[in-house]
Each structure stands twice: as C-alpha cells, then as structure tokens.
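In what follows, chains carry the letters A, B, and so on, assigned in the order in which the sequence lines appear, proteins first and then strands, with residues in each chain numbered from 1.
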There are 2 protein chains.
Amino acid sequence: MTRDALLTDRYELAMLLGYLRAGMAGRRATCELFVRRLPASRPFLVTAGLERIVKKLLDLRFHDDEIEWLASQPALAAAFTPEARRYLRELRFRGDLWAMPEGTVAFPDEPLLRVEAALPEAQLVETLLLSIVNHDARVATKAARVALAAGARPCFEFGARRTHEEAAVDAARAAYVGGFAGTSNEEAGRRWGVPVSGTCAHMWVLSFAEEGEEASFRAYAEAFPGGTTLLVDTYDTLRGVERAVAAAGPALGGVRLDSGDLAALSVGARARLDAAGLGHAKVVASGDLNEYKIRALDARGAKIDVFGVGTDVVATPDAPALGAVYKLVEVESASGAPRPVAKRSEGKATWPGAKQVFRTRRGGRFAGDEVALASERREGAEPLLVKWIEGGKPARALPALAAVREHAMAEVAALPEELKAIAERYENSYPVRISPALRELAEHAWAEKVEVMS
Amino acid sequence: MTRDALLTDRYELAMLLGYLRAGMAGRRATCELFVRRLPASRPFLVTAGLERIVKKLLDLRFHDDEIEWLASQPALAAAFTPEARRYLRELRFRGDLWAMPEGTVAFPDEPLLRVEAALPEAQLVETLLLSIVNHDARVATKAARVALAAGARPCFEFGARRTHEEAAVDAARAAYVGGFAGTSNEEAGRRWGVPVSGTCAHMWVLSFAEEGEEASFRAYAEAFPGGTTLLVDTYDTLRGVERAVAAAGPALGGVRLDSGDLAALSVGARARLDAAGLGHAKVVASGDLNEYKIRALDARGAKIDVFGVGTDVVATPDAPALGAVYKLVEVESASGAPRPVAKRSEGKATWPGAKQVFRTRRGGRFAGDEVALASERREGAEPLLVKWIEGGKPARALPALAAVREHAMAEVAALPEELKAIAERYENSYPVRISPALRELAEHAWAEKVEVMS
C-alpha cells in the first residue's frame, strides 16, 4: 500500500481545492519538469527515478485517514466541501506521462518529463515528481562522474549512514543507474535488485579486543570462506594486510583501506599481497572518495582495484541540490482552447507549450539537441520524450534496472570527450538550441501576458 | 508495520552472522554515536531524531520476506545456518539506549547516544542510527541557525521538492525541532503534528491565463477567505501586490515574493500594503534563503515578516553532510569482563569506555562541558545522557514534539553569544574537556592495543 498522496506541499492541496471551487477541475493542463541551469561541476545530467515516478502515479490515491487529516485542517476548511471530499476519495492519476527513458543524459531547458492531465491532478503531483527527480538524478549524475573517474574499476555505494534512511535506498538505486557496480544497502537489494556487497567494519576487529586482529580476521574468513574482504586499518594498516594474508591465505578476496594515505598504503598493500602470491586479491579503498580524489590517487600511482564511495555520492557536496522545476506550459482556457502559458518572473522565465527534445548524433556521439514544440518533427534526430502512461494506464513496459543502467552508461559514453573529463567547471556547454517555432510561440505567449497585465 | 531491519549495510548483517558463528552473540557491547568535528560554519549541533530512533528500536524485527531475501544472498550463505535464521526471526532490540534528550545542543567528542546491548544487536543498528542522526541533526542545526538570523520572525520549511520525498517528511520535523514555525509538507503534519501552512504557486496564476492575475487572486481569496497569502511575482511583482490588494481587500493575509531583489520589492510591497490600510498583511519572502541572506536582507532594510526556506534547510549546502560515527567503546571479553576498546586509525582514533557528558551552566548560560566516564559523578553539573530504553522496553516517556522544539530553542538561547552570531566560521569553539579518568583509560586501552598488535 503506497502512501504517497500527502508527500506534497500544502499549496498543492489548496490549489487543487481552489480549482474545484472555481469550476476548473476539468480543464486539461500540461506541465513540464526541467532544470534551468546545472551546477558548474555538472556538464550533463543523468536522469533517474522514472520507474519510481511511474509506479507512484499509477498507485496514486488518498486513503481515508489522509482525507480525514486534510479535513481537520482549518486553513483548508472553507474549500473542503462534500464534493471536494468525494473528489479526493476518487482521485487517481488519469493523465498521460511523457518522459525521457530513465538513464538518458539531459541538459538545461530540456523537459525531462511532461504531464498532461486534468489541472488538479497535474498540480497535485508537482512536489512528489520534483522530490524524486531532484534526488535520484542528483545522485545518478554524481555516480556517473565518479564512475568515469574510476574507469573499468568498480565503484560501490556505501553512503547509507550519511543520508536519510529511506533516501539511502533510492540513492543506492540511483548510483547503480549512474554506473556503480552495487551498494552496501540491503533494502536496495531487496526492493530494487541492486547487487549488494560488503566487507567488514572496525567494530568486528575491535570486538576481538582480547584475541587480537589476526584472530578476528580468521573468524571472519571462517564465517565467509568465499573470497573474504578484510578491513585492515584498525590498528596499523600494512601490518593489518600481513595479518589478513596470514589469516585467510589464498581465500583472501581483498583488503579494504579506510584511512590514512590511500595512495601509499595501496602500493604497500599491493606489494604485500603480490609477495604472498595473492595477485587475485583486490585492494578496496574507501573514505570520503569522489571523482576528484580518484583522479588524484591515480596521479600518485595508487594501486586500487575497487572504490567504496559514501558521502560524496549520496550528499554530493560539490552540488548538494538539483534545481529541477515543474511548470505549467499549457492550459485549457474557459472556451476549451489550449493556451500556451509562461512565467515572466525575473531570472525564472519559462518556455511555453508542450515540447519535445530532438537529439542528433554524429558517429554515435551526441552532436547537439533541439528543444522544439511537441508538434514538430525532425528527420534524422531522435525524439527523447516517450509516453509511459496514457489515460492513467501503463503505455509501455518499464525496462529492468540493469537495462536502465546499461542505457545510462551508453549515454555517458556518447558524450563529447570534454564533458567526460573530470573538472570542477567546464569551458563549453553542450549545444542545446531552441526551435524557431518555440521561440515564436514564446514571444506570442509573453506578449499576451503583457496584455493581460495592462 | 515498520520495515526498518534492512535499512542497513551488508556488513552489519555479515558481522552479525559472524558473531553468531564465532559464539560471541551473547557478549555485551557498548557503542557510542558522536561527531569527531563539525563543519566550520557549525559551532554547535542541535541533536534530533531521538523519537524516531526510540520507536524504531522498540519495533525492530526481521519480517519473513526480509529473512528469505537475506537467505538468498550467496555471499551470506556460508554463515546463514538454521540457527542464524532462527536468531534473525527472534531478534528484537533488547538492550539499553542512553541519549541526550532530543533538541539538546551538543559538541564534538560528546556521545549523543549510547547503546548497550548484545554484540549483534548493537552492531545491526549502527547504520540506521547514523542515518537518522546524520540527517535529522544536520537539518535541525541548520534550522536553528536560520531561526537565529530571523529572530522573532517565523520561518517555514518549504524544501520538500529539493530532497527525497521521505527525507522531506523528517526534514520538516527536524526543522521544526530546530525552531521553525512550521512546514509546507502535508505528511509531516499528519505523521508528526508539525504545523502546516502554504500560500499559492505560480501555476495557480498561470492557470488563469485568459482571466488574468487579479481574477486568479480573487478566485483564491474566495476559496480561502480567512487570511489568504497570495504569490505576487508571476508577472510584475509590485503590480501583483496592487492586484492582491484589489482582489482580497481586508481579507488579504499577506503577499509572497519569490524572485527578484527581495529587499527592494519587500519595501515596495510593504508601502503598498500600508497605503491600502493593510498594516496587518504580512510580507512573506522565499527563494534560496538562508541565515546569511536573511542577515544581508536585514542590512539592506528589507521589510519581511515571514521567511520560507527550502533548499538551504533540507540540503544544507554549506555543510551538506554530518559526519557522526558510531563506535564500539567497550565489549565483554571471553572471560566475561568488560573491556574498553578504541580504534587507532590515523585521524580516526576514538575514546574508549562508556561515557557521560556533564554540562556546567553559569547564570543560565552554558559555560563548558566535560566528557567523562559513565561511572564518574560531577557535583553541580548536568549529566546530559539519560536512559530511554532499558532491556528493550521504554524507560521514560518521549516528550511531545512541541516540547522538544521548546527545549531546543532554550538550548540555543543558552549558548555563548559568539556562537549564536551568524558567521561562516568561528574563532573560538565551545569548551569541551576530557576527564582525567577518561584520558587515563584511553592511554591504557591504547597501550593494550599495541601489545595485542606486537
């Protein structure tokens, strides 16, 4: 049983009730979700969260206790008529959802998804859709950058403890979409099928306070004989490596370094593992890693086979919030005609009308995008937005998560090289043009606004 | 039905199974949760999340499908014996929980909570406890800073769309604990009783594309006649104020500004409201606000009565992750004797032994803290950690959320003035001393480690 209807802002509910009261509940509205700009360190966006969105829209409903709670709110009381109560009880998402397939790479001004629905439905889902995209795409994009830095070496998401416990589950999923190999998060494995793996923690070693580090390693290797990865930095890291070798022998799958000078320690660990004939054993590194630090470790000759990334992929400190917005672009007028609309606020103006994004490739690589009206067609360019829900029913099957991840990795691979380089800011941005027809509509819509205002 | 047991890292489960296999499941362990250091812009921490922790610990259990999922994992198979399965099915949190009351102000090195339980239980809950504290205290602390900047003017949390949809609910709760007046998040109202309020959005105004802004205001004021707050910046902000006055008249509760030069626009809005005899109508401002911007707006003479704060309070961009850790500090040895333990990793060393925090006040203000052994006593100082769960049962009643908020606000008020000033870094930190007995134990514990290692 999903409980998503109240995962929203008060004003969405207030406006919904207001539309009912104003007799506008039957008007058709089109809203689009997009980012106006990206953080300086993000030359592209990996979209994520679509499966979550589709499932939540298909399941959307108000439960009785939720309706009673809303009914108890004095600020809503004036508009909370018996008709409103019935409307909420019967409310389902009966509109259409268009979106870029999950894992598609996107850029500013491009609608990532489009909702076409009755005005109250289109309004109600705003907050939830933004929460999902702003969270999941933020994490997937960071993961893609970390994975670019790591190249062929697998990255695992270890960040559950640095974010809200439920956000952690979806962060693990998003990191996997972005190209990570797996997560330490058990629930992400159960709920989403993300591969789960883990090593051991300092607490294990410390629990054998009397018996000592080597005894702790031996006990762990006995419990998990198939390729144990042991955490070696509780006391002295390189002596820890030697003890891991002594305790697990050829069954040692790897050692994990979680503190100190990872470049120097990884070289020392590698040498000790090789000297013991354990060339197959991996050196796993963790501890506040990100794409910049992985590059720096490589530059210093670190010998690391696997990266564990926590805080940086879930909290994305270099770009801690994504600013996706959800805007009305067209609404049925009283006469029944669809009317493109736009907002003129300073620095927050929007493009009116239902839109499509056309992507052109050259030699397999992305060569440029065009944001056009949904009614336009472009020979030889790929329309990125496709229909996922039609009239409240599934319009196409959701791809498996592993396929989403492969799609995302292929998308990132097809980016221009300069956008795949790891930098804190980028000289050039990916070319996104606005179609002439859209520009014309915008002039028209904005001019209309001025009239309305005068 | 809570589903929290898998909101954890794989290694917690693996170690739990390992303790069972090593015959250590009955050993008593003590773990403490604390921060080693705080971000430069955080001279204090407002603890938050305790009610969530207590409820989750009291409800902790593995459901059958969760156990089956774990049983399906090849990496755990070797240790997943029938006894282990039975253990998981019967597992409850049967230990003790000590913690600072929610909303207490805390500092680095101070245990915020202490778990005393069987080793596998103490291990299992690590990730979940860290997720909750790292999220909730991060948000509550930021909220406290924003509320300090706002002074008597209320702040509302508007950030649901900038964070994961479930994190948003608990962020709203944490912001309220930190001193916010309420939230826009409906579910935070239903679930936690946080006061909910909202205004209206640009989409409302744009939906009346044909009818115009003033008609949209009139319709909203009719739907919600009791003190409507109208968003006035969709087209031209100050003309929007005039239209709001014309549409709602004396029923106008306020206007919201969400873009542009908030200082200048608030002065213009105030003047227009006053000229219309609407001295009671509030000027509400939102749009990427935080404690620094509120100070800057005040310095420019802004006339703002209410602040809406979104991204900054949920994503806390100036300190996007809190680094609280959870460490084993004492464990029963094979002989049954409790043994203090510590970790020596570079830059990550810990203080051994079960601890208490004693706070001294002078003239009502906090004068200094001492981290001591739990067995120590200090005349005239307040011990901050109290028992919430004993043997898996509630040991005291949880305070109501409004009381938690009052406690937090009183705590912040009792801070030294220089820590309440809004700055990006602080010259002096709050004095926290380590008791001589704890220092002596640490020397002893560390010396033991060196022996074990040699």
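The part of B/V169 that comes within reach of chain A is its side chain, from C-beta onward, which places non-hydrogen atoms under 4.5 angstrom from that chain. With a 4.5 Å cut-off on non-hydrogen atoms, B/A122 touches chain A through its backbone and its side chain both. For chain A, the nearby parts of B/T8 are the backbone and the side chain; heavy atoms of each come within less than 4.5 Å. With a 4.5 Å cut-off on non-hydrogen atoms, B/E222 touches chain A through its backbone and its side chain both. Residue B/A75 touches chain A through its backbone alone, counting heavy-atom pairs closer than 4.5 Å. Within the 4.5 angstrom heavy-atom criterion, only backbone atoms of B/S197 (N, CA, C, O) approach chain A. Looking at B/E332, neither its backbone nor its side chain comes within 4.5 Å of chain A, counting heavy atoms on both sides. For chain A, the nearby part of B/E12 is the side chain; its heavy atoms alone come within less than 4.5 Å. At a 4.5 Å heavy-atom cutoff, the contact between B/R27 and chain A is made by side-chain atoms alone. Of the two parts of B/L76, the backbone and the side chain both hold a non-hydrogen atom closer than 4.5 Å to a non-hydrogen atom of chain A. When heavy atoms are compared at a cutoff of 4.5 Å, B/R218 does not approach chain A at all.
The only option from B/W204, B/F208, B/Y220 that meets the ring-ring contact (aromatic ring centres under 6.0 Å, His included) definition with A/Y19 turns out to be B/W204.
Among B/L20, B/D9, B/N134, B/D170, the residue making the largest number of heavy-atom pairs under 4.5 Å with chain A is B/D9. Listed options A/L70, A/V139, A/T163, A/T311 were ranked by heavy-atom pairs under 4.5 angstrom with chain B; first place goes to A/T163. The greatest number of non-hydrogen atom pairs below 4.5 Å with chain A, out of B/P320, B/G198, B/A321, is found for B/P320.
How far CZ of B/F224 is from OH of A/Y11: 14.0 Å, rounded to the nearest 0.5 Å. Annotation: the span from A/L119 atom CG to B/M203 atom CE amounts to 5.0 Å, rounded to 0.5 Å. Atom-to-atom distance recorded for B/R10:CZ and A/F156:CZ is 11.0 Å, nearest 0.5 angstrom. To the nearest 0.5 angstrom, B/F62 atom CZ is 8.0 Å from A/E186 atom CD. The distance from atom CG of A/L7 to atom CD of B/E166, rounded to the nearest 0.5 Å, is 5.5 Å. Interatomic distance, B/L231 CG to A/M15 CE, rounded to the nearest 0.5 Å: 9.0 Å.
Side chain of A/R162 to main chain of B/H135: no donor-acceptor pair is present (N/O by atom type, distance under 3.5 Å, no hydrogens or angles).
Qualifying side-chain contact (heavy atoms from CB on, under 4.5 Å) partners for A/V329, counting only residues two or more places apart in sequence or in other chains: A/T30, A/E32, A/K355. Residues passing the salt bridge (Lys or Arg N to Asp or Glu O under 4.0 Å) test with A/D65, sequence neighbours excluded: A/R3, B/R190.
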